[in-house]
Amino acid sequence: MMRTFFALVILFLFILSPLIAGDSIPENGVVNGTASNDTSSLRKENTFADMIDHALEKEFNETDELADVKDHGSFNNSVAEQQAVLETVARVKPKKNETKDEKSFQFHDVFNLDNENRPEETPTLIDSKDNVFIMSNPKSKFPILQLDLRFISDLVVVIVSATCGGIAFACVGQPVITGYLLAGSLIGPGGFSFVSEMVQVETVAQFGVIFLLFALGLEFSVVKIRVVRAVAVFGGLLQILLFMCLCGITALLCGGEASEGVFVGVFLSMSSTAVVLKFLMEKNSINTLYGQVTVGTLILQDCAVGLLFALLPILGGTSGALQGMVSMTKLLVVLVIFLSILSILSRTLIPRLLKLMISLSSQTNELYQLASVAFCLLVAWSSDKLGLSLELGSFAAGLMISTTDLAQHTLEQVEPIRNFFAALFLASIGMLIHVQFLWNHIDILVAAVILVIIIKTIVFSLVVRGFGYNNKTSLLVGMSLAQIGEFAFVLLSRASNLKLIEGKLYMLLLGTTALSLVTTPLLFKLIPAVVHLGVLLRWFSPDSTYEIRGESLRADSAKHISLMVHSSHDS
């Protein structure tokens with residue numbers, strides 16, 4: 001109210017100011033030179049723009065209270081509170097003195113923003129170890145809209161390349177996942193280096209795993225998972241322990257460190273949740289027996305991620321065994337409490353919330369879709385903050401909604417988002433694959449991948465067979481989980497920082513993981529042929545081949561029947 005009154009007073013004074021100024025001048029207009037100049041200066045100072053400028057300067061002072069707020073993340077405070085150390089960095093400036101005649105055209109320049117007409121780009125810093133940092137929050141007096149055009153350019157390149165790769169492989173009858181992975185390898189640092197902000201792209205692409213597992217939770221049948229929970233939980237833990245023991249004993253027999261061998265066992269026990277789920281969804285094999293066992297094992301692996309992270313410092317010698325056991329026990333307690341709370345909410349609050357969103361989204365599904373995505377991200381974020389994993393939280397979020405009547409409707413709303421981010425994630429995984437490195441060491445890496453596939457298939461098949469499942473289901477589960485998961489990249493980085501493994505072993509495991517992800521689509525293509533061979537060798541029953549080939553047809557028929565039932569109920 002007072003500010004409005006103040007503005008009206010300024011406006012009133014502005015209207016009267018010309019009259020007051022006019023009365024001060026004699027009628028004959030005869031004044032000396034000094035008086036004339038003073039009058040002219042007075043008139044300039046009493047203009048409307050000048051008065052408004054003085055009022056705004058008084059109202060919005062540049063040194064107001066917003067600037068006086070203590071920023072704990074500032075340079076001086078961070079150093080004073082010993083939250084940071086001083087280090088020399090170089091600030092990269094774009095070359096502006098280079099003429100068009102002097103600069104030859106390069107194909108790589110098409111994907112760069114180094115042109116004369118671009119807006120001011122986000123600053124880049126490089127430290128003494130050649131780590132590149134992108135300025136995320138440039139200091140400014142006033143809040144302004146800031147764009148990272150290089151990040152936008154990188155996203156465009158990744159999305160377009162993934163689309164082209166998927167189209168190319170779909171045209172030749174191959175899985176589109178292979179196209180996504182190879183497209184990413186071509187545009188990444190190991191290819192043509194079209195993408196400059198790897199961390200930002202990979203962070204956004206992580207939403208692909210989140211929404212994949214969220215959609216999986218929506219499609220997941222709690223009744224069916226109860227049937228396979230023994231092999232999923234106990235079998236999953238057993239295979240992790242088997243790999244740790246086998247690799248640890250092998251390392252000792254070969255004269256190596258037992259800790260390195262145990263880490264390799266942990267490393268090999270992980271399978272690719274995103275890639276396997278994508279294939280199972282494409283083949284409509286989620287609801288098959290081997291699909292349920294495979295998914296249950298993958299979920300167990302995601303649950304064990306936090307425990308494996310707690311194990312690494314023990315293997316690296318940076319923490320004692322007692323401290324590691326305490327950390328793992330805490331994680332188990334947190335996991336049980338977290339799942340218990342989610343179970344209670346899924347029976348009480350979630351159904352009411354979804355019904356409210358449906359009632360508010362009677363004309364458009366925009367609000368319901370946004371609420372579903374927000375719920376998924378909130379549960380995933382909570383899981384991550386508790387020391388668990390984003391994957392576990394997103395799957396649990398889908399599982400909570402799957403118990404309601406709106407699971408199918410939610411899945412229909414989330415599917416387009418899932419497909420987009422899944423393609424983005426697979427392309428970002430491809431960017432970690434260095435084509436030149438794979439080509440230079442193709443012989444040893446191919447041998448390593450073949451060995452990994454054989455060993456993992458045998459171990460997983462034996463574990464599943466030990467729980468009473470037939471040969472066909474055991475072999476299909478083993479082949480489905482025979483690759484090394486994308487999470488192995490994170491485990492490798494952590495183990496390298498802890499000095500748990502040497503550089504040579506790091507490069508071998510890195511290349512093996514990359515090549516196993518590339519060959520996974522081929523492995524899935526071989527499943528029908530392997531089943532047919534098993535029938536010929538009388539390992540499986542004669543109808544096994546027809547079961548594999550008819551999974552897609554049966555799933556489509558079941559979906560069609562379900563739609564007919566729903567439509568008859570609606571009518």
Side-chain angles (χ1 to χ4, degrees), residues 229-273 293-294 296-329 331-332 335 447-469 474-475 477-485 487-488 490-492 494-496 498-502 504-506 508-510 512-513 516:
R229 61 184 174 185
V231 65
V233 177
F234 299 107
L237 292 175
L238 179 60
Q239 60 90 13
I240 294 176
L241 293 175
L242 283 175
F243 274 111
M244 293 170 60
C245 294
L246 286 175
C247 294
I249 294 173
T250 303
L252 287 176
L253 293 177
C254 296
E257 295 288 337
S259 58
E260 285 190 2
V262 173
F263 169 75
V264 172
V266 172
F267 178 84
L268 293 178
S269 65
M270 294 288 102
S271 301
S272 177
T273 303
V293 175
T294 301
T297 305
L298 290 172
I299 296 303
L300 184 278
Q301 291 179 1
D302 290 331
C303 294
V305 164
L307 300 178
L308 295 178
F309 262 121
L311 180 65
L312 290 183
I314 301 176
L315 296 176
T318 57
S319 65
L322 180 60
Q323 183 180 356
M325 293 299 295
V326 171
S327 300
M328 297 176 70
T329 304
L331 283 175
L332 285 174
L335 175 62
V449 168
I450 294 175
L451 183 63
V452 167
I453 291 175
I454 293 175
I455 292 177
K456 292 195 70 172
T457 301
I458 293 175
V459 170
F460 277 107
S461 299
L462 290 177
V463 169
V464 176
R465 187 72 179 88
F467 281 84
Y469 292 87
S474 303
L475 182 61
V477 172
M479 293 184 66
S480 300
L481 300 174
Q483 76 291 131
I484 303 175
F487 194 78
V490 185
L491 284 174
L492 272 178
R494 183 71 181 273
S496 178
L498 293 173
K499 303 293 188 292
L500 180 58
I501 56 175
E502 297 180 355
K504 293 176 288 186
L505 181 59
Y506 176 87
L508 174 64
L509 295 178
L510 183 68
T512 304
T513 303
S516 72

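The chain is numbered in sequence order, starting from 1.
- In this structure, Leu237 CG and Leu300 CG are separated by 4.5 Å, a value rounded to the nearest 0.5 Å.
- Here the straight-line distance linking atom CG of Leu242 with atom CD1 of Ile455 works out to 12.5 Å at 0.5 Å rounding.
- A distance-only check finds no donor-acceptor pair linking the side chain of Ser272 to the backbone of Ile484 [under 3.5 Å].
- The side-chain contact (heavy atoms from CB on, under 4.5 Å) check on Val262 picks up Met244, Leu315, with sequence neighbours excluded.
- Enclosure of atom CD in Glu257 is not indicated, since only 12 or fewer non-hydrogen atoms of other residues, nucleotides or ligands lie within 6.0 angstrom.
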Q: Evaluate the criterion side-chain contact (heavy atoms from CB on, under 4.5 Å) for residue pair Phe460 and Thr294; output intermediate values, then yes/no.
A: CA-CA 10 Å; Phe460 277 107; Thr294 301; over 6 Å; no

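- Across all their heavy atoms, Lys456 and Leu268 have their closest contact at NZ-O, 2.7 Å.
- For the residue pair Ala482 and Val452, the shortest heavy atom distance occurs at O-CG1, 4.0 Å.
- The distance from atom CG of Leu509 to atom OG of Ser516, rounded to the nearest 0.5 Å, is 10.5 Å.
- Looking at residues two or more places apart in sequence or on another chain, you find a side-chain hydrogen bond (donor to acceptor under 3.5 Å, both in side chains) between Thr273 and Asp302.
- Closest heavy-atom contact between Ala251 and Gly261: CB-CA, 3.8 Å.
- For the pair Gln483 (side chain) and Ile453 (backbone), a donor-acceptor distance under 3.5 Å is absent.
- Contact detail for Ser271 and Leu298: the closest heavy-atom pair is CB-CD2, 3.9 Å.
- The shortest heavy-atom contact between Ala448 and Thr512 is CB-OG1, 3.6 Å.
- In this structure, Thr513 and Phe267 approach most closely via the heavy-atom pair OG1-CZ, 2.8 Å.
- Under the side-chain contact (heavy atoms from CB on, under 4.5 Å) criterion, Ser269 pairs with Gln239, Ile240, Phe243, sequence neighbours left out.
- For the atom pair Cys247 SG and Leu252 CG, the distance stands at 11.5 Å (nearest 0.5 Å).
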